[in-house]
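Below is one structure, written out as structure tokens, with a few remarks after it.
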Protein chains: 2
Amino acid sequence: MSRPSFSEFKKKALNNPEVQDEYQALNTTYELRKNLIALRQESGLTQEQLAAVLHTQKSNISRLENANSKNSPKLSTIEQYAHAVGYEVKIEFIPINHT
Amino acid sequence: MSRPSFSEFKKKALNNPEVQDEYQALNTTYELRKNLIALRQESGLTQEQLAAVLHTQKSNISRLENANSKNSPKLSTIEQYAHAVGYEVKIEFIPINHT
DNA sequence: CGCAATGTTATCAACTATGATAACCATCAT
DNA sequence: ATGATGGTTATCATAGTTGATAACATTGCG
């Protein structure tokens, strides 16, 4: 119960950018955010232009792209975004290692 | 405007089970439904048991597994289900062919 | 048959994502 | 400095998902 606690270790580790990347690579929401932004930029659209395609507002696009852990979008929302930038959505299930 | 309309052709085609599979394979929700059920059965859990793991009710599990086109679950809901049966979720974006 | 187990459907309340508007920050160019 | 552009954040109302309960259908087993 003394000695550096695990929560403290974790806290420090999460300040290391590399650890952060590895850690959050497992975070589906974080991965999603990265991909959505990349796809939009690939398509050459601004948030405002994409919003127009989807008949919505740029603020909503920004919110989706910045979805934090407390905000989980609907699957249909992700699909609409994807279609607008020319992509189909596929959900993969990857087995978790139980060592 | 005369001749068998496209909507009629489509209607007939969709009665062909093979065409159905191909058609709905593109439907993310349908794919999801199939996969969720398969994963749960693989894990040997009943809807009721899985519901217990997720601290919810079996009726909610059934609803998720039978998600129709009018019902789009949240990403977090899918993730919770996946984790309970030992899987991680990954979202893939597949380019649409613009011939 | 009667009963348990499994899954489905309906309903309503509670919660939360989304739509819409507005204000704001940062960057860049003129 | 000013204006324009791209993106962020806050807020509120609306829409839709989820939680919970209950009733129902089906299957298989005693």
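Quick note on labels: first sequence line is chain A, next is B, and so on, each numbered from 1. Owing to the predicted nature of the structure, the values given are computational and were not obtained by experimental measurement.
When distances run from any side-chain atom of T77(A) to the nucleotides dT9(C), dT9(D), dT18(C), the shortest one goes to dT18(C). Of the candidates dT18(D), dG19(C), dA22(D), dA22(D) carries the atom nearest the S59(B) side chain, counting heavy atoms from C-beta on.
Rounded to a whole Å, the OH atom of Y81(B) is 14 Å from the P atom of dG19(D). Atoms CG (L45(B)) and P (dA5(C)) sit 16 Å apart, rounded to a whole Å. As a whole-Å value, the separation of N71(A) CG from dA10(D) C1' is 14 Å. Going from atom CD of E48(A) over to atom P of dT8(D) covers 13 Å, rounded to whole Å. Distance L75(A) CG to dA17(C) C1': 13 Å, rounded to the nearest Å. Remark: C1' of dG7(D) and CG of L36(A) are 15 Å apart, rounded to the nearest angstrom. Remark: C1' of dG7(C) and CG of N66(B) are 9 Å apart, rounded to the nearest angstrom. Distance CG (L64(B)) to C1' (dT8(C)): 14 Å, rounded to an integer number of Å.
Using modelled atom types, one finds a donor on one side chain and an acceptor on the other under 3.5 Å when comparing Q47(A) with E65(A).
The minimum heavy-atom distance linking R63(B) with N60(B) is given by the pair NH2-OD1, 2.9 Å.
For a distance-only test at 3.5 Å, the side chain of R63(B) qualifies as a donor-acceptor partner of the base of dG19(D).
Inter-residue side-chain proximity for E92(A) and N35(B) is flagged as unmet; no heavy-atom pair is nearer than 4.5 Å. Counting only heavy atoms from C-beta outward, the side chains of N71(B) and L64(B) never approach each other to under 4.5 Å.
For dT18(D), the OP1/OP2 oxygens have no side-chain nitrogen or oxygen of N60(B) closer than 4.0 Å. In terms of phosphate contacts, K74(B) brings a side-chain nitrogen or oxygen within less than 4.0 Å of OP1 or OP2 of dA17(C). Phosphate proximity of dA20(D) to Q57(B): present, with a side-chain N or O under 4.0 Å from OP1 or OP2. A sub-4.0 Å separation between OP1 or OP2 of dG19(D) and a side-chain N or O of T56(B) is present.
Mapped onto DNA chain D by nearest heavy atom, E65(A) and L54(B) fall at different nucleotides, with E65(A) at the one closer to the 5' end.
A donor-acceptor pair under 3.5 Å is absent between the side-chain atoms of Y87(A) and the main chain of L39(A), judged by distance alone.
Base engagement by S62(A) is indicated by at least one non-hydrogen atom pair under 4.0 Å involving a base atom.
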